[in-house]
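Some notes on the structure that comes next.
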Amino acid sequence: MKIATWNVNSLKVRLLQVLQWLKDNPVDILCLQETKLTDEKFPLTEIEAAGYQAVFTGQKTYNGVAILAKETASDIVRNNPLFPDEQQRIVAATFGKIRIVCAYVPNGQSVGSDKYRYKIEWLRALRNWLEEEKKKYPYLALLGDYNIAPEDRDVYDPVAWAGNVLVSELERVAFRALLDIGLVDAFRLFEQPEKSYSWWDYRQLAFPRNRGLRLDHILLSGKLAFLCSACTIDRQPRKWKQPSDHTPVIAELDL
DNA sequence: ATGGCGGACATCGTCCGA
């Protein structure tokens, strides 16, 4: 089976691209972030017509997450039960034996800001929740926009970015804390091209210059990592007209 | 040092993202 994640930066604007991408890449599960839609505006009809079911939680203007899947979801959870949050950033569901957690980690704005503290607290609560979830669901995958470049090799210019939000030490510690509970970065299970990124700024021709960051990740529990046969970033949709600034990340599981 | 691009909005300037 194939699972994927894509921050679409408005599902309203990107719906046709999502449907086209699913036609080209008929993955079993696609996690979306930044849908920016309230639930009553979610384009369920169009998605179902494409052969997918969906679970989602959204709000106006900001955030919003969804899981599109060919199979029916069970045990749906919206947001982290350990972290009361008005912002809709997490949806989780079970498909067969696999537990999917779709997350849109806060951006953090700038190091030391209120939003940065919120990001760190949010990540700590995510870790604490998933530590328990992993015991309940040994086949667990955490997919999403983490808004963290875990290592310098995930940054086009690590010197210029040093200490900045998205790469700061505290954020990287929070990322490694997710690895510490037994999750594995699927992308790094395999040899990868150098300068592999999943996000490029819209400005200053960042994409053609490949000035990007790897912010979107698929973390797998040990049992799933053992079954993972590939993990790739699909740069193609970033070349399309009116693209999202993020591109999809895909993992293949022998499941 | 600033703004740059793109999306959304009790829009037409401003906030936010990364």
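Letters A, B, ... are given to chains in the order of the sequence lines, protein chains preceding strands, and every chain is numbered from 1. Fair warning: this is a prediction, and the values are worked out from it, not measured in the lab.
The pair A:R176-A:E169 meets the salt-bridge criterion, since a charged nitrogen lies less than 4.0 angstrom from a carboxylate oxygen.
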Using nucleotides 8-12 of chain B, report all nitrogen or oxygen pairs with the protein that are shorter than 3.5 Å.
residue : atom : partner : partner atom : Å
B:dA8   : OP1  : A:S10   : OG           : 2.4
B:dA10  : OP2  : A:K60   : NZ           : 2.9

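Straight-line distance from the CG atom of A:D145 to the C1' atom of B:dC16: 14 Å, rounded to whole Å. What separates CG of A:N7 from P of B:dG17 is a distance of 12 Å, to the nearest Å. What separates CD of A:E34 from P of B:dG6 is a distance of 15 Å, to the nearest Å. Between the C1' atom of B:dG6 and the OH atom of A:Y62 lies a distance of 13 Å, rounded to the nearest Å. Spacing between atom CG of A:D245 and atom C1' of B:dC16 amounts to 12 Å, rounded to whole angstrom units. Rounded to a whole Å, the CZ atom of A:R209 is 14 Å from the C1' atom of B:dC5. In this structure, CD of A:Q59 is placed 19 Å from P of B:dG7, rounded to the nearest angstrom.
Rounded to a whole angstrom, the distance from the P atom of B:dC12 to that of B:dT2 is 26 Å. Atom P of B:dC16 sits at a distance of 14 Å from the matching atom of B:dA10, rounded to the whole Å. Here, B:dA1 and B:dT14 have their P atoms 23 Å apart, quoted to the whole Å. On the P atoms, B:dG4 is 22 Å away from B:dC9, given to the nearest whole Å.
The stretch residues 197-208 of chain A comes close to DNA chain B through A:W199, A:Y202, A:R203, A:Q204, each having a heavy atom under 4.0 Å from the strand.
Remark on DNA chain B: of its neighbouring residues A:Q242 and A:W161, the 5'-side contact belongs to A:Q242, judged by nearest-heavy-atom nucleotide.
For A:Y202, the side-chain hydrogen bond (donor to acceptor under 3.5 Å, both in side chains) criterion is met by A:N9, not counting sequence neighbours. In this structure A:F207 satisfies the ring pair (Phe, Tyr, Trp, His ring centres under 6.0 Å) test together with A:W200, sequence neighbours excluded. Residues passing the ring pair (Phe, Tyr, Trp, His ring centres under 6.0 Å) test with A:W129, sequence neighbours excluded: none. A:Y104 pairs by the ring pair (Phe, Tyr, Trp, His ring centres under 6.0 Å) definition with nothing, not counting sequence neighbours.
Evaluation of the side chain to side chain donor-acceptor pair (under 3.5 Å) test over residues 69-79 of chain A, restricted to residues two or more places apart or in two chains, returns A:Q53-A:T72. Listed by first and then second residue, the ring-ring contact (aromatic ring centres under 6.0 Å, His included) pairs that reach into residues 25-50 of chain A are A:F42-A:F56, sequence neighbours excluded.
Membership of the apolar cluster around A:L189 extends to A:V184, A:F190, as traced through chained side-chain contacts below 4.5 Å between ILVMFWY residues.
Among the atoms of the strands shown, only primed sugar atoms or phosphate atoms (P, OP1, OP2) are found under 4.0 Å from some heavy atom of A:K115. Residue A:R14 is in sugar-phosphate contact alone, with no base atom involved, counting any heavy-atom pair closer than 4.0 Å across all strands shown.
The CD atom of A:Q192 sits 3.5 Å away from the CZ atom of A:F187 when rounded to the nearest 0.5 Å.
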